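First up is the structure itself, then whatever we jot down about it.
None of the values given here were measured: they were computed from a predicted structure. Reminder, nothing fancy here: chain letters follow the sequence lines and each chain counts from 1. Only heavy atoms go into these numbers, but all of them, side chains included; no hydrogens, no water, no symmetry mates.
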Protein chains: 2
Amino acid sequence: MKQRLAAIGTVEALPHRVAAFLSREIESGDLNPGSLLPTEQQLSEKFGVSRNVVREAIAQLRADGMVEARQGIGSFVLAPEQRAAIRIDRETLKEGQNMERLFELRCILEAESAALAAERRGQEHLDAIKAALDRMSGEERWEDGSIDADLLFHREIARATGNSYIHTFISFVCEQIRRSIYYARLTNPLHDLVEVNVGEHVRIYEALVAGDPAAAEAAMRAHIIGAADRVGVKLPTSRAQRADGRK
Amino acid sequence: MKQRLAAIGTVEALPHRVAAFLSREIESGDLNPGSLLPTEQQLSEKFGVSRNVVREAIAQLRADGMVEARQGIGSFVLAPEQRAAIRIDRETLKEGQNMERLFELRCILEAESAALAAERRGQEHLDAIKAALDRMSGEERWEDGSIDADLLFHREIARATGNSYIHTFISFVCEQIRRSIYYARLTNPLHDLVEVNVGEHVRIYEALVAGDPAAAEAAMRAHIIGAADRVGVKLPTSRAQRADGRK
DNA sequence: GCATTCCAGTTGTAGGATGATATGTATAAC
DNA sequence: GTTATACATATCATCCTACAACTGGAATGC
């Protein structure tokens with residue numbers, strides 16, 4: 001039986017599709033920890049791809065700590081305790097609506113991050129955030145320099161929460177978004193909107209200075225929704241509305 | 001010139017050795033971000049291995065976000081901060097207060113997840129969540145089976161948000177916490193608290209059935225704070241208080 | 001009964017062939 | 001001279017076959 005791999009119109013590479021399929025089977029429990037994966041030969045026939053492709057797919061699973069291959073025997077499914085990495089690959093990012101979901105996640109993390117930062121920030125944090133803001137405002141056009149400064153602004157806020165995990169996660173998510181925007185090569189007239197963008201950042205900064213968590217959260221939420229909008233991503237409004245209803 | 005690969009007493013596979021070598025070259029700055037890797041052919045000759053091995057090595061680097069391969073051109077070295085993967089190693093997890101930070105992150109993600117799920121859940125999601133809840137209540141003692149069911153409960157809620165990234169992040173964070181608890185081998189009398197734990201889950205479930213985002217969020221927040229407390233982790237109360245003030 | 005040998009199955013590696021894609025170049029048309 | 005088209009080249013992506021290394025168990029010999 002030849003398994004049809006998802007993704008008809010996509011451009012994903014074959015190894016990635018195979019890895020994604022197996023990964024889902026493991027996550028869903030169809031393949032129990034300790035059990036053996038089908039042989040490379042079988043998988044090759046099942047998916048209608050070469051053994052080479054299967055090997056690359058398994059190598060990816062192994063890198064993620066999901067399976068362990070042993071020569072002469074096969075690949076064992078490992079227990080989830082041993083997984084130590086989270087990964088978002090570019091192929092899945094390119095699939096249309098994923099951007100929307102990523103922005104949604106970012107909105108959640110950053111809104112709380114801003115609120116926490118408003119409570120916990122010290123003077124050195126404010127200084128670092130202000131420095132990033134100045135670098136951003138200095139640029140007349142929206143180009144690489146100001147994008148770096150923008151990211152730095154958000155990362156400094158995350159750092160001010162004092163929670164390194166929040167910092168790590170936000171850095172990661174922001175980087176994913178920046179990259180996918182870069183690859184999408186959006187041709188929007190972003191340059192005209194620099195003032196809007198800077199203005200949103202200023203409001204966040206002022207709320208942080210004031211030490212007002214609710215205001216910081218609201219300002220950040222508005223900023224993320226605006227940023228998503230500027231790259232053509234419409235966030236589901238329910239979250240925003242509920243947040244607005246609160247403040 | 002044939003390059004000698006490290007590996008004196010090692011038994012590591014060739015692709016891993018090649019990947020490690022290239023990885024070190026990138027880390028050390030010998031290969032600048034933006035530059036092209038040598039072609040597969042050249043690497044194959046340089047290391048004295050087959051192109052197949054080189055391809056698997058590059059696939060590994062790509063999976064870690066260190067390079068990006070583009071058909072017809074080559075593999076570009078990406079900037080180090082552009083990692084496509086997050087890794088959290090066990091050593092950092094063991095350091096005391098990291099648990100507290102991890103729970104804080106979990107609280108943020110899961111609270112919003114519950115709220116979103118309350119808005120978006122379909123009947124099949126409720127069924128899956130209920131099934132996990134039943135499995136959990138069925139157990140008399142707090143052991144592996146019920147821990148699995150507990151995790152499943154949370155992951156099913158995350159799945160009901162319809163946002164695969166939220167699902168991924170929550171699965172990851174929960175797994176990290178479960179793992180560190182497992183390794184810590186806490187000897188608390190957890191068994192006595194099963195009813196409390198199940199009760200908290202029931203309240204979350206009821207809020208989801210009712211489709212009440214605010215209630216779901218509050219119940220989840222209370223649950224996470226309680227769960228943290230039961231393993232001896234005190235969450236900073238500020239977040240919880242602010243949340244309470246809203247509902 | 002026990003050790004040894006052999007064999008089938010599986011992963012690991014090698015190397016070539018072909019398809020898909022990007023880039024540069026030369027040729028032709030205007 | 002400029003543009004456009006076609007071609008050649010370089011590279012990754014995939015497929016294929018073959019063989020080496022390793023494992024587990026079955027057959028064999030004693």
Roughly, in whole Å, what's the span from [atom1] in [X] to [atom2] in [N]?
X	N	atom1	atom2	value
B:L36	D:dA10	CG	C1'	12 Å
B:Q41	D:dA10	CD	P	12 Å
B:F47	C:dT13	CZ	C1'	16 Å
A:E56	C:dG12	CD	C1'	14 Å
B:E40	C:dA20	CD	P	17 Å
B:R55	C:dG16	CZ	C1'	15 Å
B:L37	D:dA13	CG	C1'	16 Å
A:Q42	C:dA8	CD	P	18 Å

(request) Specify the residue among A:S50 and B:I73 whose closest nucleotide of DNA chain D lies further upstream toward the 5′ end. (result)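 Nearest nucleotide further toward 5': that of B:I73.
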(request) Looking only at side-chain atoms of B:P15, point me to the closest of D:dC15, C:dA14, C:dT13. (result)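 In terms of side-chain proximity for B:P15, the closest of D:dC15, C:dA14, C:dT13 is C:dT13.
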Is [X] side chain donor-acceptor paired with the [N] base, going by distance under 3.5 Å alone?
X	N	answer
A:Q71	D:dA21	yes
B:N52	C:dG15	yes
A:R51	C:dG12	yes

Lys/Arg N to Asp/Glu carboxylate O, [X] vs [Y], below 4.0 Å:
X	Y	answer
B:E56	A:R55	yes
A:R51	A:E40	yes
B:R101	B:E104	no

(message) Determine whether the aromatic ring centres of residues B:H167 and B:H154 are separated by less than 6.0 angstrom.
(response)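 No - the distance between ring centres of B:H154 and B:H167 does not fall below the 6.0 Å cut-off.
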(request) Please report the C-alpha distance between A:V173 and B:F169 in whole Å, then the side-chain angles of each, then the deciding distance to 0.1 Å, and finally whether the side-chain contact (heavy atoms from CB on, under 4.5 Å) criterion is met. (result) CA-CA 11 Å; A:V173 172; B:F169 272 60; 3.8 Å; yes
(request) Check whether any side-chain N or O of B:R62 sits under 4.0 Å from OP1 or OP2 of D:dC12, and answer yes or no. (result)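 Answer no for this pair, as no side-chain N or O of B:R62 is under 4.0 Å from OP1 or OP2.
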